[in-house]
Amino acid sequence: MNDQPDSIVARASNVAVTLLAAAALAGALWIGAKPIGAGPPLGSLLDPAHGIWAVVRTAELPRHADLRMAGLKDSVAVTYDDRGVPHIFAQHEDDLMRAFGFVVARDRLFQLELQTRAVAGTLSELVGASALELDREARAQGLAWGAERKWAAIPDTSLDHRLVTAYGDGINAYIAQMRSEDLPFEFRLLNARPQQWKPQYTYYLLARMSLTLAWSDDELRHARIVALVGEQAASALFPVNSPIQEPIQPVDGRRAPRLATTALPPPARPDSARLALAADLDKAAAAIALADLRPSPNGEIAVGSNNWAVSARRTAAGRALLSGDPHLQLTLPSIWYEVHLVVPGVIDTYGVTIPGGPIVPIGFNRSMAWTATNTGADVADYFEETVNDARHPTTYQLDGTWLPLMQRVESVRGRSGGILKTDTIYHTHRGPMLRAGNRWLSRRWTALDTTDEGRALRQASQAHTVDEWMRVMDDYAVPAQNFLLADTLGRIGIRSTGRYPLRAGDGRGDRLLDGSKRANDWQGFWPTARYPQSIDPRQGYLASNNQQPKDPQVDPAYLGSNWPSPWRAMRINHLLRGDSSVTPDAMRRFQTDAESEQTNFFLPPMLDAVARIAATGSADTAAIRGAALLREWDGRFTPDNERSVLYDAVMDELTQRTWDELRGTAQLRRGPTPSSAVLAQLLQEPASVWWDDQATPARETRDSIFVASVAAAYRRVSQRYGPPGPRWRWSGIRTATINHLLRIPALSRRKVPMQSGRGTLSPSDGDGTHGASWRFVVELGPEVRAWGTYPGGQSGNPVSARYDDRLPQWTAGTLDTLRFPHAAADIVSPRAVLTLRPER
Amino acid sequence: MRWLTQLLIVSLAFGAGTWFAGWWMVPVLGAAYGVWAANRRLTLITATLAAVLAWGVLLAFDASAGPMGRLLQVLGALFRMPGAALVVLTLAYAALLAVSSAALTRGLRRLR
């Protein structure tokens with residue numbers, strides 16, 4: 001009798017436990033299988049064999065790997081040296097490219113995916129709708145459209161078509177043989193798989209570089225400034241010719257920069273009609289321009305590269321020296337990947353490549369070295385078009401005839417494949433259009449032309465002399481670069497190489513043009529002989545730092561406007577003029593030189609002004625204290641310096657106070673800030689109306705603005721960092737921000753100390769997101785020697801020691817010795833060896 | 001001794017299942033074990049410990065093959081928790097899958 005209730009209780013208990021188990025299991029399976037937001041489901045994330053934990057097993061390369069690869073004619077030996085740099089030895093160029101693609105994918109697969117999608121406008125498919133606007137911008141820019149046209153124009157039978165295809169095959173071969181643990185970290189976080197690589201993606205990458213380096217919207221900026229201060233003043237504030245001339249192409253006999261002495265015309269009153277136009281243009285520009293390409297608020301362009309070379313007769317060892325120091329956005333993994341490519345008798349080139357590009361745009365071979373800085377030429381123009389319908393145009397007018405618009409329908413898809421947004425992009429014969437209010441602007445841009453930079457760069461990396469290099473690069477088009485060369489014959493050369501448009505009328509390209517007239521179209525391109533260039537100049541050295549390439553007194557032709565201030569050019573020219581026995585180590589030291597020519601322009605008159613006004617008893621005590629501290633300053637932006645911060649703040653204050661006329665109106669946001677070279681030009685006019693602070697009834701002069709700037713800067717710095725002391729140390733204030741490609745803080749490196757300052761050879765902007773992306777020095781002797789580093793590492797795996805192992809050298813301004821072996825066997829203590837064999 | 005042998009065998013099954021097929025093999029094998037061991041003692045404890053042991057060994061293998069400390073640092077920063085907590089979470093998840101599936105099938109078997 002008693003058993004029955006017990007049995008019922010036991011049964012009920014069993015039912016309860018079973019139900020509880022069912023609920024727990026259902027819950028566990030649900031959270032295990034359901035993706036968390038854009039991320040992976042918990043089950044596949046935590047799986048110790050295939051989930052996030054598995055990335056540790058592939059953090060370092062296996063010591064030995066032996067794989068079969070389809071399409072290879074012979075075996076390829078890849079030996080990774082102690083710095084993780086692959087040295088690829090192949091017997092055929094096609095095999096070399098296959099192995100090159102494989103090796104790059106092995107280390108940087110996610111980077112390949114992300115940068116391709118950024119150009120294609122398919123980021124939303126990877127990361128979700130948060131990338132929708134970026135995708136729409138990319139498609140409106142027409143980068144992928146242009147890249148597809150470039151690829152289609154390359155003959156199928158050409159060597160370059162074959163090599164680019166082989167490189168892509170190598171990437172796909174890597175993807176095909178990947179094991180589950182090989183899937184990169186970021187793909188796991190995004191619960192995604194890599195897409196198949198197409199050869200035209202190489203041209204997507206070139207398009208991306210063109211966007212970073214050769215994009216200009218001078219016309220739109222000019223319209224804004226004209227609306228705020230009038231045509232004359234706008235042309236003076238953003239001049240076609242830099243007010244300080246230290247050009248790339250040396251001027252014979254000149255041993256110092258040339259300073260323009262023309263006065264700046266006074267500002268006109270804002271013009272309401274032009275303000276409305278400028279506001280429309282501004283909105284239109286915002287729809288296609290990426291924020292990181294815009295100049296920083298202090299008026300200087302954040303991307304600032306350097307290169308210089310010294311001919312054999314001015315070096316200690318009698319061998320030509322070359323230094324490369326391209327500045328770009330700093331990312332992890334780095335934009336660069338180091339590699340050594342060898343096919344005996346064909347190519348033996350070491351340098352940095354951008355993943356996705358089967359070329360070495362910066363590097364050296366057994367005979368010569370080359371590097372580049374951005375030219376910044378104006379190679380994009382806007383035309384205001386006349387269309388038949390402001391909302392849905394189908395035709396545009398040209399010389400009185402209505403022509404059909406080409407229409408490109410772009411649908412951005414999300415992660416699930418559903419369409420998030422569809423846009424129609426209209427094209428005239430010039431290029432894609434954008435809408436500005438009721439106006440339509442078309443854009444002609446060399447980056448969208450069907451030119452083949454890949455071929456030129458490939459041949460250049462195999463050249464033996466400066467002359468040969470320049471010859472094979474004759475038809476290189478975009479992005480225009482100041483290519484600097486040095487060879488083992490002791491020669492040096494530089495040429496601003498790119499496709500520069502010849503324009504109608506006065507030749508200027510910084511104003512909006514009437515698109516209804518064919519006469520306003522580009523008339524052709526500059527002949528190569530006219531490019532800014534120099535070979536073996538009498539001065540014995542060459543340098544470029546993004547400054548205006550040619551002094552307009554030598555050639556007044558329009559090449560661009562609003563050139564970066566030439567402080568860096570002045571500094572390196574000063575250093576090189578003063579050293580007739582240059583060593584590789586001196587070249588290295590110059591790369592992180594702590595002094596700035598800018599301070600020589602601004603500091604003395606500033607301190608004099610404070611002293612003069614203090615003598616009258618009317619100076620603010622903060623100005624007197626600030627000036628006293630600045631007098632103690634050695635003018636160097638070193639990490640332990642406790643005065644640089646004050647100078648930096650003074651220049652901020654001075655810039656904002658001086659250009660208050662550009663503050664903007666209710667209709668139009670603040671205009672861009674003129675460069676500090678224009679501010680330096682204004683120093684010569686102490687009573688100019690530009691010094692006047694429009695917010696006060698008094699009429700300010702240069703000296704009173706100096707005093708006010710020093711006082712305000714002193715107060716600001718004291719308020720933020722306390723009284724002068726260790727908290728004013730520059731290393732705690734000016735740091736580098738090296739963001740991961742997805743800007744994930746845990747995978748980024750922030751507050752990285754760096755030696756840089758205003759106008760120094762290693763400039764930096766406020767948030768430190770741009771800087772030296774690769775520093776190297778090459779000595780062109782009988783045995784070529786080289787040193788280099790970049791802020792990151794070879795691996796894209798954030799768990800790998802090779803992810804950021806070069807940061808300490810980069811921070812310290814030191815360089816690693818680069819291994820340049822003749823054969824794989826010459827590599828001492830290789831880190832890993834990979835053998836790729838043909839399929840049986 | 002028999003229990004220990006059983007624990008090791010079940011653990012080996014969980015480990016091999018995960019390695020060759022994936023995490024979902026833990027509930028599948030757990031369910032099978034629940035049916036097979038429905039009338040044995042310590043079934044649920046065995047399933048739990050076996051899953052923890054299996055995934056623990058797999059994690060230890062990962063750690064022996066690469067920089068686990070660095071991964072824990074990255075994951076900790078990424079998920080804003082101590083890296084070690086993720087190890088605990090991983091093992092707890094394996095235990096939950098195993099015990100719930102074994103309990104479910106054992107209960108169903110007993111109800112028949």
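These values consider heavy atoms only, across backbone and side chains, with no hydrogens, waters or symmetry-generated copies. Being a predicted model, the structure only gives us computed values, none of them experimental. Chain letters run A, B, ... following the sequence lines, proteins first and then strands; every chain starts at 1.
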Step by step, work out the side chain to side chain donor-acceptor pair (under 3.5 Å) result for A/D767 and A/T769.
CA-CA 6 Å; A/D767 58 3; A/T769 54; 3.1 Å; yes
Chain A interface, residue from B/P67, B/A31, B/P27 that has the most non-hydrogen pairs under 4.5 Å
B/P67
With a sphere of 6.0 Å drawn around CZ of A/R68, does it hold more than 12 non-hydrogen atoms of other residues, nucleotides or ligands?
yes
Plane angle bin for A/F110 and A/F187 - parallel if under 30°, tilted between 30 and 60°, otherwise perpendicular
perpendicular
Contacting moiety of A/L20, where chain B heavy atoms sit under 4.5 Å:
neither
Answer key: most heavy-atom pairs under 4.5 Å with chain B among A/A746, A/A49, A/A28, A/P48 is A/P48
Heavy-atom cut-off 4.5 Å, strictly under: side chain, backbone, both or neither for B/L89 against chain A?
both
Relative to chain B, which segment of A/S44 carries a heavy atom at a distance below 4.5 Å: side chain, backbone, both, or neither?
both
Contact class of A/A26 relative to chain B, heavy atoms under 4.5 angstrom
neither
Greatest number of heavy atom pairs closer than 4.5 Å to chain A - which of B/G66, B/G15, B/G56
B/G66
Cation over ring, A/R806 on A/Y790, under 6.0 Å and within 45°?
yes
Ionic contact status for A/R802 with A/D107, cut-off 4.0 Å
yes
Check whether A/I52 gets within reach of chain B through its side chain, its backbone, both or neither, counting any heavy atom under 4.5 Å.
both
May I ask you to decide if the ring planes of B/W19 and B/F61 are parallel, tilted or perpendicular, using 30° and 60° as cut-offs?
perpendicular
Heavy-atom proximity to chain A below 4.5 Å, by part of B/L44
neither
Determine, for B/W36 and B/R40, whether the Lys NZ or Arg CZ falls below 6.0 Å from the six-membered ring centre while staying within 45 degrees of the axis.
yes
In terms of heavy-atom pairs under 4.5 Å with chain B, the winner among A/A801, A/S180, A/G32 is A/G32
Against chain A, label B/V99 side chain, backbone, both or neither, depending on which of its atoms sit under 4.5 Å from a heavy atom there.
neither
Does either side chain, that of B/Q6 or that of B/Y33, offer a donor lying less than 3.5 Å from an acceptor on the other one?
yes
